[in-house]
Amino acid sequence: MTYFDHHLCHAASAYYTSGYHDALVITADGAGDGRSATAHTVINGVWTEISSTSLPHSPGHMYAWATRLLGYKVGRHEGKLTGLASYGDTSHVKQLGGQLLQYTTDSKSFLNPYLHDGNYISFTDKLRCLLNNEAVYPSYEAFRRLVGKYYGKNFRPEDIAAIAQIELERAVTAWVSDLVNKTGLTHVALAGGIFANVKLNQQIEAIPETKKVWIFPDMGDGGLSVGAAYLQLNSQKTISSRPLENVYLGPKFNGDQILAACKDANLHVTKQAENLAQETAKLLADGVIVGWFQGRMEFGPRALGHRSILLHPGRREMNQVINKRLNRTEFMPFAPSVLEEYKNDLFSGGGKSEHASQFMTITYDVNPEWIDRLAAVVHIDNTARPQVVYKGKETLYWSVIDEFRKLTGLPAIVNTSFNMHEEPIVCTPEDAIRSYLHGAVDVLVLGDYIVRKGSGDF
């Protein structure tokens with residue numbers, strides 16, 4: 001059996017799927033094998049580590065503390081903070097920069113300042129002093145008793161989320177910018193749970209010195225197996241870096257399996273092989289919520305048009321409808337799947353992350369003329385997290401969006417993961433049918449079949 005370092009596995013997953021020859025490869029997360037962040041240069045196939053942060057210092061732990069403080073689950077709900085942060089106000093915080101997370105250029109690593117004021121200082125104690133301009137650190141329990149008071153007055157949950165987001169963006173972009181300038185490498189490949197933060201990724205792309213930015217789609221620990229496999233292959237000198245084409249690596253199900261599952265559930269089935277895209281687009285244009293189940297399941301945390309819930313992007317109220325149906329509490333809007341031909345019409349920026357934009361791992365600013373027209377997918381800060389769909393790669397899914405465009409003038413549809421809250425994304429036809437029968441969607445499209453509860457539903 002062969003063992004590989006945690007962060008080296010993250011780095012390999014990013015580099016070998018980037019398509020870059022020479023690259024700056026950066027990893028950051030909560031922790032793994034005693035470290036929380038690394039940077040490597042890869043030049044002519046030679047790997048050199050140039051930055052490393054050891055525990056207890058960790059950009060991921062800082063963000064996790066804020067997640068825990070606001071009552072969310074660490075390791076699961078950090079994305080809620082990312083969405084909540086855009087609603088926050090930090091103008092009343094006098095000493096924000098570097099109080100919760102620092103990048104130290106001399107040691108090329110991160111520092112959590114709340115671990116370093118004499119004795120151990122907890123994140124919540126440091127945050128309390130930051131918010132109130134105080135020098136005396138109370139106990140953790142004392143802080144917890146006062147949280148309700150803060151939330152009811154000046155310091156709301158969204159303000160604390162904004163503080164954590166700003167501190168993360170400031171420190172990590174300083175790190176990346178410093179390393180790009182020192183190495184001269186302008187192609188940056190990213191992996192590790194920190195880079196699930198799509199707003200952070202947008203700030204990294206905005207660093208002037210970068211020319212290309214890639215984020216491995218399963219950037220969290222689920223992607224470690226991919227990195228380990230690449231490292232094993234690399235030890236045999238059999239691979240080079242190639243652009244990742246897709247993440248459709250899971251199981252697929254044939255028509256007989258789909259029909260058997262529908263029969264067991266006593267569902268009405270209509271085969272629509274000839275006009276499936278047009279029929280699905282018409283349902284979406286009419287406001288129907290569609291459960292879309294096609295081909296191999298996606299690998300990683302994002303639904304990318306194979307196990308997705310699809311709906312009209314122009315109706316902001318649909319966010320509340322879907323969240324209620326799925327028992328979700330979300331602050332970010334839904335993400336759009338967008339025709340590649342219209343990406344530059346809808347969004348500004350993104351030229352450095354064209355590859356990454358196919359995997360829903362980065363946000364872009366929405367152009368003003370589209371903000372109201374795509375209300376269901378635009379966040380309060382006028383950004384969106386798109387999946388850019390190419391005709392030559394996903395012909396059927398591209399055709400659904402294009403047919404929807406012909407009906408509505410909108411070259412995008414809502415794509416959210418096909419699952420109830422806190423459940424995995426559906427995998428099998430039986431999973432999809434179960435969610436359908438629980439009211440997640442109005443109609444199912446399973447392979448070539450449109451599935452309804454009864455022949456008169458639609």
Side-chain angles (χ1 to χ4, degrees), residues 14 18-20 23-28 37 39 51 59-60 62-63 78-79 81-88 90 96-98 100-103 105 110 161-217 219 332-333 335-336 338 343-368 370-371 377-388:
S18 68
Y20 305 155
L24 176 63
V25 185
I26 290 177
T27 71
S51 177
M62 184 279 292
Y63 210 79
E78 281 80 358
L81 255 70
T82 308
L84 185 61
S86 295
Y87 294 88
T90 61
L96 181 56
L100 300 178
L101 182 64
Q102 296 174 2
Y103 166 58
T105 57
F110 290 100
I163 290 170
Q165 183 69 24
I166 289 171
E167 287 283 81
L168 183 73
E169 291 179 4
R170 181 199 51 74
V172 175
T173 55
W175 180 41
V176 176
S177 181
D178 184 44
L179 295 178
V180 168
N181 281 303
K182 286 177 177 177
T183 64
L185 295 170
T186 58
H187 288 50
V188 180
L190 308 169
I194 284 294
F195 300 112
N197 192 306
V198 292
K199 298 303 296 295
L200 169 63
N201 296 341
Q202 183 178 12
Q203 294 303 313
I204 291 172
E205 187 190 45
I207 295 171
E209 295 81 7
T210 59
K211 291 184 179 179
K212 293 289 183 181
V213 175
W214 162 248
I215 308 103
F216 181 61
M219 65 290 290
M332 291 286 277
V338 177
K343 174 192 171 187
N344 292 333
D345 292 339
L346 272 58
F347 307 109
S348 60
K352 301 177 184 178
S353 58
E354 181 178 346
H355 186 197
S357 71
Q358 299 172 50
F359 299 93
M360 212 179 277
T361 56
I362 187 169
T363 53
Y364 301 121
D365 294 329
V366 180
N367 289 328
W370 289 97
I371 290 172
V377 300
V378 180
H379 197 30
I380 189 173
D381 60 1
N382 294 332
T383 63
R385 174 175 54 96
Q387 173 198 6
V388 178

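What you see is a predicted model, and the numbers here were worked out from it, not measured in a lab.
- Side-chain contact check for Thr82 versus Gln165: some heavy-atom pair is nearer than 4.5 Å.
- Listed for the Lys352 side chain is a donor-acceptor partner under 3.5 Å among the backbone atoms of Glu205.
- Between Met219 and Leu190, the closest side-chain pair of non-hydrogen atoms is not below 4.5 Å.
- The OG1 atom of Thr363 sits 9.5 Å away from atom CG of Leu200, with the distance rounded to the nearest 0.5 Å.
- Residues meeting the side chain to side chain contact (heavy atoms under 4.5 Å, CB included) test with Ala356, sequence neighbours left out: Trp214, Ile215, Ser353, Thr361.
- Applying the side chain to side chain contact (heavy atoms under 4.5 Å, CB included) criterion to Glu354, with sequence neighbours excluded, gives Lys343, Tyr390.
- Distance check: Gln202 CD to Thr383 OG1 gives 6.0 Å after rounding to the nearest 0.5 Å.
- Among pairs with a residue in residues 179-204, those fulfilling ring-ring contact (aromatic ring centres under 6.0 Å, His included) read Tyr20-His187, at least two apart in sequence or across chains.
- The OG atom of Ser348 sits 4.5 Å away from the CG atom of Asp365 when rounded to the nearest 0.5 Å.
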*asked:* Does Ser357 form a side chain to side chain contact (heavy atoms under 4.5 Å, CB included) with Tyr364? I'd like the steps, not just the answer.
replied: CA-CA 9 Å; Ser357 71; Tyr364 301 121; 3.3 Å; yes

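- Taking the side chain as every heavy atom from C-beta outward, Val377 and Trp370 never approach each other to under 4.5 Å.
- The side-chain heavy atoms of Trp175 and Pro59, taken from C-beta on, include no pair separated by under 4.5 Å.
- Note that CG of Asn181 and CG of Leu24 are 10.5 Å apart. Values are rounded to the nearest 0.5 Å.
- Among residues two or more places apart in sequence or in another chain, the side chain to side chain contact (heavy atoms under 4.5 Å, CB included) test is passed with Gln203 by Glu169, Thr173.
- Listed by chain and residue number, Asp178 satisfy the salt bridge (Lys or Arg N to Asp or Glu O under 4.0 Å) test with Lys182 (two or more places apart in sequence, or in another chain).
- Counting heavy atoms from C-beta on, the side chains of Thr210 and Val180 come closer than 4.5 Å.
- Legend: residues meeting salt bridge (Lys or Arg N to Asp or Glu O under 4.0 Å) with Asp381, ordered by chain and number and at least two apart, are Lys199.
- Using a 4.5 Å cut-off on side-chain heavy atoms (C-beta onward), Glu78 and Asn197 make no contact.
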